[in-house]
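In what follows, a single structure is set out as structure tokens and then discussed.
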Amino acid sequence: MPIITLPDGNNIDFPNKVTGLDVAEKISKSLAKQAMIISVDGELKDLDYLIEKDCSVKIFTSKNPEGLETIRHDTAHILAMAVQELFPGTQVTIGPVIENGFYYDFARKEPFTEDDLIKIEDKMKEIVDRDEITKREVWDRNNAISHFKKKGEVYKAELIETIPEKEDVSIYFHGDWHDLCRGPHLSSTGKIGKYFKLTKVSGAYWRGDSNNEMLQRIYGTSWASQKDLDEYLKRIEEAEKRDHRKLGKEMDLFHFREESPGSVFWHERGWALFQKLINYMRSRQDAAGYKEVNTPEVLDRQLWEKSGHWGKYGDNMYTSETPDEKIFAIKPMNCPGHVQVFNQGLKSYRDLPLRYAEFGKVHRYEPSGALHGLLRVRAFTQDDAHIFCTEEQITSECLIVTNLILDIYKDLGFENVILKYADRPEVRVGEDEIWDKAEASLLKAVKASKLEYSINKGEGAFYGPKIEFVLRDAIGRDWQCGTLQVDLNLPQRLDASYIDKDGTKKIPVMLHRALFGSLERFIGILIENYAGKFPFWISPLQTMVIPISEEFNDYAAEVSNKIKSAGISSAVDLKNNNLNYKIRDHSLAKIPLLLICGKKEVDSKSVTIRRLDTNKQENMDLNLFLKTFSALNKASSN
């Protein structure tokens with residue numbers, strides 16, 4: 001007689017063993033109709049899972065992340081099923097759920113076309129209409145290998161061969177079609193609904209190894225309702241318009257070249273934006289008591305081994321062996337260098353907290369296929385800082401950092417910020433006792449901030465727990481940018497110490513802090529958030545002065561020089577093009593203000609202003625213009 005404990009603490013008794021669906025029906029008929037999967041003592045199961053003993057049960061619908069993820073998992077299976085019905089002989093490999101959707105990799109000689117995607121989508125809807133029953137079977141591992149080899153599914157057989165000898169394997173059937181899968185799944189194909197769309201085809205190496213065969217990957221998205229699907233497709237369409245790579249070219253900000261993959265070639269305007277952000281950040285850090293330092297980009301391998309980074313990141317570090325057989329590495333992060341600065345000279349408890357900041361260029365090897373414009377690069381600049389403090393100062397320093405980060409994000413237009421607290425990962429350095437202290441101190445700071453937060457179990461850095469600051473942009477996408485980490489391990493590994501009140505040596509706590517994270521990535525996010533139309537104060541080129549004919553070139557130059565003297569960036573367009581062409585060209589480059597100069601403007605010592613995204617024009621006295629826009633040329637909190 002199992003006793004079922006529900007999330008609200010109430011119990012339901014059953015005379016005999018029951019399924020998850022039975023439990024849902026006992027609660028309410030409407031819940032049973034909406035139910036998709038259950039969890040039994042925290043483990044996700046199918047609705048027909050047989051419950052034989054006392055346990056805790058939770059029921060998930062499409063409104064829960066677990067339910068939506070199951071819809072996407074099932075849709076991936078139906079994709080594979082449709083492909084094999086339409087294109088016999090195609091082999092299926094793996095098909096996981098990803099953010100907002102799913103993909104499935106296929107082995108097929110002929111490439112899939114856009115027309116094929118339409119046919120596959122139609123076949124998937126047909127399978128949904130057939131409402132094929134879904135069931136799970138447990139097979140002997142060796143029998144499963146033999147079965148899939150006979151079917152010609154060599155990739156699937158290879159996957160099963162990686163399962164330990166004595167383990168059984170889970171096979172899910174949708175009608176007669178079946179696949180290796182741990183589940184859980186919906187009870188039939190009809191439960192999925194038709195709120196899905198296949199989005200694209202790309203290449204992918206088998207098991208992610210470039211030495212293996214190239215497969216074809218079909219991506220798709222799946223939702224709980226047509227409204228959700230339509231809203232997502234609209235966001236994707238908007239995201240394509242905002243693609244920072246396209247806008248970066250139109251705005252003449254940067255480009256990439258094969259000679260240095262993953263490294264940015266900044267143009268004049270892009271570099272002006274880069275420097276504006278650094279100067280803004282520098283002024284905020286100066287006011288917050290940070291000391292700016294600079295550390296070498298190349299350091300001996302022995303330091304990286306001692307810090308623990310070599311074992312964790314060695315495969316992603318760029319190295320070089322010198323004629324004297326020493327191995328050096330280009331730094332992938334700034335932390336060990338900052339400890340070396342701290343270690344110069346005796347430090348007292350009176351010196352703490354000591355805040356070091358650096359705009360440090362770092363290099364990390366990323367696979368070519370992972371590179372993505374400014375958002376995923378191999379060479380980038382971190383707005384890095386490390387705060388050396390006592391254990392008693394951890395909470396207050398973390399609160400100060402958190403408030404600084406949130407204030408800076410607000411200046412840059414990001415007011416919707418999500419906090420995620422991540423604790424110890426499985427692979428880590430340091431004793432559990434040290435981790436206990438670090439986690440307790442950081443969590444105390446998170447709670448003291450009185451901000452909402454979620455917990456990322458096991459996602460901390462290898463040396464300490466962390467808070468991640470996640471920004472939500474103008475079209476609802478989330479970006480993890482800032483981070484704050486409590487580290488009681490690295491200072492000890494690199495022999496950092498200070499003299500405490502009682503005259504004894506103590507090891508300082510080290511707080512790792514980044515606000516933008518990677519400046520390159522943050523600029524990519526800024527471009528997409530604003531669709532290139534930056535707030536006036538951070539626009540790389542704020543004004544373009546356009547004389548309507550050569551006769552007014554001198555006045556245009558005079559206006560531009562006065563604007564620059566007022567601290568506003570400006571340029572003059574003296575090219576031999578007509579006025580409408582110039583307006584179109586500079587509007588495409590997202591310059592906020594176009595200042596048109598002709599006889600009327602010369603006579604009245606004024607400018608005619610045409611703002612970005614409007615056909616309206618206004619005439620303004622030049623001195624009033626300088627006063628007005630000088631006041632707008634700063635962040636709100638400055």
Side-chain angles (χ1 to χ4, degrees), residues 68-130 132 134 148 151-159 172-183 185-186 189 191-210 212-224 226 228-230 232-233 235-237 239-240 243 367-370 372:
L68 184 55
E69 186 169 306
T70 306
I71 290 174
R72 290 169 177 163
H73 194 175
D74 277 60
T75 314
H77 275 216
I78 301 313
L79 163 62
M81 186 175 173
V83 166
Q84 291 197 311
E85 287 188 17
L86 288 169
F87 308 102
T90 302
Q91 291 188 63
V92 297
T93 62
I94 59 169
V97 172
I98 55 174
E99 185 180 8
N100 297 319
F102 57 91
Y103 69 77
Y104 218 111
D105 289 346
F106 299 96
R108 180 175 181 249
K109 289 181 181 178
E110 299 81 9
F112 290 112
T113 65
E114 291 297 321
D115 288 341
D116 289 336
L117 292 190
I118 296 170
K119 292 175 187 174
I120 295 166
E121 247 184 60
D122 289 341
K123 177 60 73 172
M124 291 169 69
K125 290 173 182 175
E126 179 190 311
I127 293 169
V128 170
D129 285 336
R130 292 193 326 232
E132 304 268 17
T134 299
F148 282 102
K151 283 186 68 181
E153 296 277 8
V154 295
Y155 293 94
K156 197 63 66 175
E158 186 180 321
L159 281 176
Y172 272 86
F173 281 77
H174 306 283
D176 292 329
W177 187 89
H178 50 282
D179 194 10
L180 169 73
C181 187
R182 67 168 60 96
H185 281 284
L186 305 178
T189 61
K191 296 285 186 183
I192 299 168
K194 297 181 181 178
Y195 318 119
F196 54 78
K197 184 170 183 58
L198 302 182
T199 53
K200 65 176 179 177
V201 182
S202 69
Y205 292 109
W206 168 232
R207 306 185 84 171
D209 188 337
S210 59
N212 289 338
E213 301 89 341
M214 176 67 80
L215 306 173
Q216 295 185 71
R217 177 171 293 177
I218 297 180
Y219 286 92
T221 187
S222 187
W223 297 83
Q226 188 64 44
D228 290 345
L229 174 62
D230 290 342
Y232 172 73
L233 294 176
R235 286 200 303 273
I236 292 299
E237 183 182 350
E240 288 174 359
D243 190 317
S368 298
H372 181 77

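What you see is a predicted model; the values in this text were computed from it and never measured.
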**Request:** Assess whether side-chain contact (heavy atoms from CB on, under 4.5 Å) is satisfied between Leu180 and Tyr172, documenting all intermediate values.
**Result:** CA-CA 6 Å; Leu180 169 73; Tyr172 272 86; over 6 Å; no
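- Heavy atoms only, all atoms of each residue included: Ala204 and Met214 are closest at N-SD, 3.2 Å.
- A salt bridge does not link Glu69 to Arg72: none of the charged nitrogens lies less than 4.0 Å from a carboxylate oxygen.
- Counting heavy-atom neighbours within 6.0 Å of Glu121 CD, excluding the residue itself, gives a total above 12.
- Looking at residues two or more places apart in sequence or on another chain, you find no side-chain hydrogen bond (donor to acceptor under 3.5 Å, both in side chains) involving Lys197.
- Annotation: the span from Thr199 atom OG1 to Leu117 atom CG amounts to 8.0 Å, rounded to 0.5 Å.
- In terms of the side-chain contact (heavy atoms from CB on, under 4.5 Å) criterion, residue partners of Asp129 (sequence neighbours excluded) are, by chain and number, Lys194.
- The side-chain hydrogen bond (donor to acceptor under 3.5 Å, both in side chains) search around Tyr195 returns none, not counting sequence neighbours.
- Interatomic distance, CD1 of Ile192 versus OG1 of Thr75, reported as 5.0 Å (0.5 Å rounding).
- Every residue two or more places apart in sequence or in another chain that forms a side-chain hydrogen bond (donor to acceptor under 3.5 Å, both in side chains) with Thr113 is listed here: Asp116.
- With sequence neighbours left out, Asp228 forms a side-chain hydrogen bond (donor to acceptor under 3.5 Å, both in side chains) with Ser225.
- Residues passing the ring-ring contact (aromatic ring centres under 6.0 Å, His included) test with Phe106 are Tyr104, Phe112, sequence neighbours excluded.
- Under the ring-ring contact (aromatic ring centres under 6.0 Å, His included) criterion, Phe173 pairs with His178, sequence neighbours left out.
- A distance of 11.5 Å separates CZ of Arg207 from CG of Leu215, quoted to the nearest 0.5 Å.
- What you find for Phe196 and Leu229 is that their closest heavy atoms are N-CD2, 3.8 Å.
- Partners of Phe102 according to the ring-ring contact (aromatic ring centres under 6.0 Å, His included) rule, which considers only residues two or more places apart in sequence or in another chain, do not exist here.
- Not a single donor-acceptor pair under 3.5 Å links the side chain of Asn212 to the backbone N or O of Tyr205.
- Taking the six-membered ring for Trp and the full ring otherwise, the centers of Tyr232 and Trp223 sit less than 6.0 Å from each other.
- Taking the side-chain contact (heavy atoms from CB on, under 4.5 Å) definition, one finds that Asp176 meets it with nothing, sequence neighbours left out.
- In this structure Ser368 satisfies the side-chain contact (heavy atoms from CB on, under 4.5 Å) test together with Arg378, sequence neighbours excluded.
- His73 is listed as a side-chain neighbour of Cys181, based on a closest heavy-atom distance under 4.5 Å.
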Just list the side-chain donor-acceptor pairs under 3.5 Å for residues 81-94, sequence neighbours left out, or say none.
unit_1 : atom_1 : unit_2 : atom_2 : d
Gln84  : OE1    : Trp177 : NE1    : 2.7
Gln84  : NE2    : Thr90  : O      : 2.8
Gln84  : NE2    : Glu153 : OE2    : 2.7
Glu85  : OE1    : Arg130 : NH1    : 3.4
Glu85  : OE2    : Arg130 : NH2    : 2.8
Thr90  : OG1    : Phe87  : O      : 2.8
Gln91  : OE1    : Val154 : N      : 2.8
Thr93  : OG1    : Asp105 : O      : 2.7

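- In this structure, Ala76 and Gly95 approach most closely via the heavy-atom pair CB-O, 3.8 Å.
- Once rounded to the nearest 0.5 Å, the distance linking NZ of Lys119 with CG of Asp115 reads 6.5 Å.
- At a cut-off of 3.5 Å, with distance as the only test, a side-chain donor of His174 or Thr134 sits close to an acceptor on the other residue.
- Residues Ala224 and Leu68 share a closest heavy-atom pair of N-CD1, 3.9 Å.
- Contact check for Leu198 versus Ile120: side-chain heavy atoms found under the 4.5 Å cut-off.
- Partners of Glu110 according to the salt bridge (charged side-chain N to carboxylate O under 4.0 Å, His left out) rule, which considers only residues two or more places apart in sequence or in another chain, are Arg108.
- Within the model, atoms CD1 of Ile78 and CD of Glu132 stand 8.0 Å from one another, a figure rounded to the nearest 0.5 Å.
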